[in-house]
**Student:** 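Can you read through this structure? Questions will come right after.
Lettering of chains follows the sequences in order, A, B, ..., and the numbering in each one begins at 1.
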Number of protein chains: 2
Amino acid sequence: MRSVLLVDDEPQLVRALQINLEAEGYAVTTAADGANALRAAASQPPDVLVLDLGLPDMDGTEVIRRLRTWTELPIIVLSARHGSSDKVEALDAGADDYVTKPFGLDELLARLRAVERRSWPVREAGVVEAGDLQIDLMAATISRAGRRIRLTPREWGVLQLLVENRGRLVSQQQILSEVWGPVYEKETHYLRIYVGQLRRKLEQDPANPRHLITEPGMGYRFEI
Amino acid sequence: MRSVLLVDDEPQLVRALQINLEAEGYAVTTAADGANALRAAASQPPDVLVLDLGLPDMDGTEVIRRLRTWTELPIIVLSARHGSSDKVEALDAGADDYVTKPFGLDELLARLRAVERRSWPVREAGVVEAGDLQIDLMAATISRAGRRIRLTPREWGVLQLLVENRGRLVSQQQILSEVWGPVYEKETHYLRIYVGQLRRKLEQDPANPRHLITEPGMGYRFEI
DNA sequence: CCGAATCTTTACGGGACCCTTACGCCAAAC
DNA sequence: GTTTGGCGTAAGGGTCCCGTAAAGATTCGG
């Protein structure tokens, strides 16, 4: 998540936030009212929109509603009103999260990261590259250094689940339950066999795996 | 809240709900039985799960229990049974809300919005930064100054509990009860061992800890 | 009906982890 | 000064977990 469109009519707050967000590595553009916000969002769609509800020309929820007619761009709402009805209204209009003023920079950054994580699975579909491996989750194919590798159904089932949760720890129970079925949750020896086979096919040095990592006592993890 | 996984074995109801939910802006995927529901929830985690209790292959509460072993995904239960014992059982298994058939679309949409608002703070629990430490509670990873640290299951169990309650005091009894089990509430020497090991791995100066703080006679606290 | 690929089962060696025991330190109470 | 309780550290043994090999069972296509 790189670019943020910041919409607020208080110049000082905008300037302060812009400096701090840019220091965190975000590219920040700004708008001071709803009309300019809509224009900016359409001409240069940001990765996330931070929107104050109190704008001079139109209600913030109205801005959200218009945006939602054509985009699913994540929207974080800033509101000075503490009443929950405003928040509900904004969320129902299509906002993704809200922050009540006054707020700390830390809180806004946390919300940005949260929205970022949530939008991650959206672009999850496609080819995953890990070292010399190319894994296409949709096509169910995998290549190593350009060469196609053949996997058996079970092998693919295990690898697919791990790659879909790449970076995250996946418990042995979860793998067994998803690939073999809930009845097999206890049969951890199956996993040892298939993880070993996968490593022999995927890893350069199966004895020192770099992608298919064991977390002793907890589960397995696919590292890119 | 974008995506909903809809689990029911009545095709007409599923089709009707899917059309209506998609008209409301949700991305809807469906499953007709428990096994497929678990597989779908694992491979493409939705933002919320709508689950009928009467499934052909397994009890709905069993589906909830299995999901709850690895995810806190919000779950709304549908049930044709009016008895309150079913409701209690499902909620105890880990469901978030409950709708009795027959129900109106408006009611389900209201529950979805309610669960959505409630679940946001939970999702915020992502990456916690503390000094040169980066702790990802979801992925079960921890880095210090960019370098990955390996923790054993017990070490991770203790750290996870403390980080989830960061800033707050956690009693020794609570840690022992959560990580080792209620029987071990008195075995405080376990804690001394593992707190020591954690400090050696996490703290710059294990003798003068800055994150893993002892509150003599009370418990431990994780400070950011 | 046969054969090959895949899945399951069994067995075993090595290593990591957990628990246990023992001891040193510090501070507060007597 | 001595004692006592709580906390931290070190080391060793036993147990569980993981990786590997190999053979039997099952499935599937020809």
**Student:** Quick one: how far along DNA chain D does chain A reach, first to last nucleotide 5' to 3', anything under 4.0 Å to a heavy atom?
**Tutor:** dC17(D) to dA21(D)
**Student:** Given atom CZ of R150(A) and atom C1' of dC7(C), what is their separation to the nearest angstrom?
**Tutor:** 15 Å
**Student:** Among residues 196-204 of chain A, which ones have heavy-atom contacts with DNA chain C below 4.0 Å?
**Tutor:** none
**Student:** Just call it for T188(B): base, sugar-phosphate, or nothing, with non-hydrogen atoms closer than 4.0 Å on any strand.
**Tutor:** nothing
**Student:** Atom CH2 of W156(A) to atom P of dT6(C): distance rounded to whole Å?
**Tutor:** 15 Å
**Student:** Q172(B) near the nucleic acid: base, sugar-phosphate alone, or nothing, with a heavy-atom cut-off under 4.0 Å?
**Tutor:** sugar-phosphate
**Student:** With a 4.0 Å heavy-atom cut-off, tell me which residues in residues 217-224 of chain B come close to DNA chain C, sorted by residue number.
**Tutor:** none
**Student:** Restricting to non-hydrogen atoms, name the atom on R144(A) and the atom on I149(A) that form the minimum distance, rounded to 0.1 Å.
**Tutor:** CB-CD1, 3.4 Å
**Student:** Hey, is the side chain of Y194(B) poking within less than 4.0 Å of OP1 or OP2 on dC18(C), counting only N and O atoms?
**Tutor:** yes
**Student:** List the steps and the verdict of side-chain contact (heavy atoms from CB on, under 4.5 Å) for L159(A) and F222(A).
**Tutor:** CA-CA 8 Å; L159(A) 183 68; F222(A) 188 87; 4.0 Å; yes
**Student:** Might you work through the side-chain contact (heavy atoms from CB on, under 4.5 Å) test for Y26(A) and V50(A), ending with a clear yes or no?
**Tutor:** CA-CA 12 Å; Y26(A) 293 94; V50(A) 176; over 6 Å; no
**Student:** Of the non-hydrogen atoms in I142(A) and R148(A), which two are nearest, and what is the gap between them?
**Tutor:** O-CD, 3.4 Å
**Student:** For S3(B) and P45(B), work out which heavy atoms get closest and say how close.
**Tutor:** OG-O, 4.4 Å
**Student:** How about E10(B) and V14(B): do any of their side-chain heavy atoms sit closer than 4.5 Å?
**Tutor:** no
**Student:** What's the verdict on side-chain contact (heavy atoms from CB on, under 4.5 Å) for R154(B) and Q197(B), showing C-alpha distance, side-chain angles and the deciding distance?
**Tutor:** CA-CA 10 Å; R154(B) 285 279 195 263; Q197(B) 289 178 355; over 6 Å; no
**Student:** Please check the phosphate of dC7(C) (OP1 and OP2 only) for any side-chain N or O of W180(A) closer than 4.0 Å.
**Tutor:** no
**Student:** At under 4.0 Å, does any side-chain N or O of R154(A) touch on OP1 or OP2 of dT8(C)?
**Tutor:** yes
**Student:** Going by the salt bridge (charged side-chain N to carboxylate O under 4.0 Å, His left out) test, which pairs reach into residues 199-224 of chain B, not counting sequence neighbours?
**Tutor:** E155(B)-K201(B), E215(B)-R221(B), R221(B)-E223(B)
**Student:** Go through the structure and list residues passing ring pair (Phe, Tyr, Trp, His ring centres under 6.0 Å) with Y190(A), not counting sequence neighbours.
**Tutor:** W180(A)
**Student:** Measure the spacing between CG of L176(A) and CG of L161(A) and express it to the nearest 0.5 Å.
**Tutor:** 10.0 Å
**Student:** Side chains of D132(B) and Q204(B): do they bring a donor and an acceptor to under 3.5 Å?
**Tutor:** yes
**Student:** Work out which heavy atom in H211(A) is nearest to a heavy atom in G131(A); give both atom names and the distance.
**Tutor:** CE1-N, 4.0 Å
**Student:** Might you list the N or O atoms of the protein lying below 3.5 Å from N or O atoms in nucleotides 20-22 of chain C, with each pair's distance?
**Tutor:**
unit_1  : atom_1 : unit_2  : atom_2 : d
dT20(C) : OP2    : Y190(B) : OH     : 2.3

**Student:** Does a side-chain heavy-atom distance below 4.5 Å link Y220(B) with L191(B)?
**Tutor:** yes
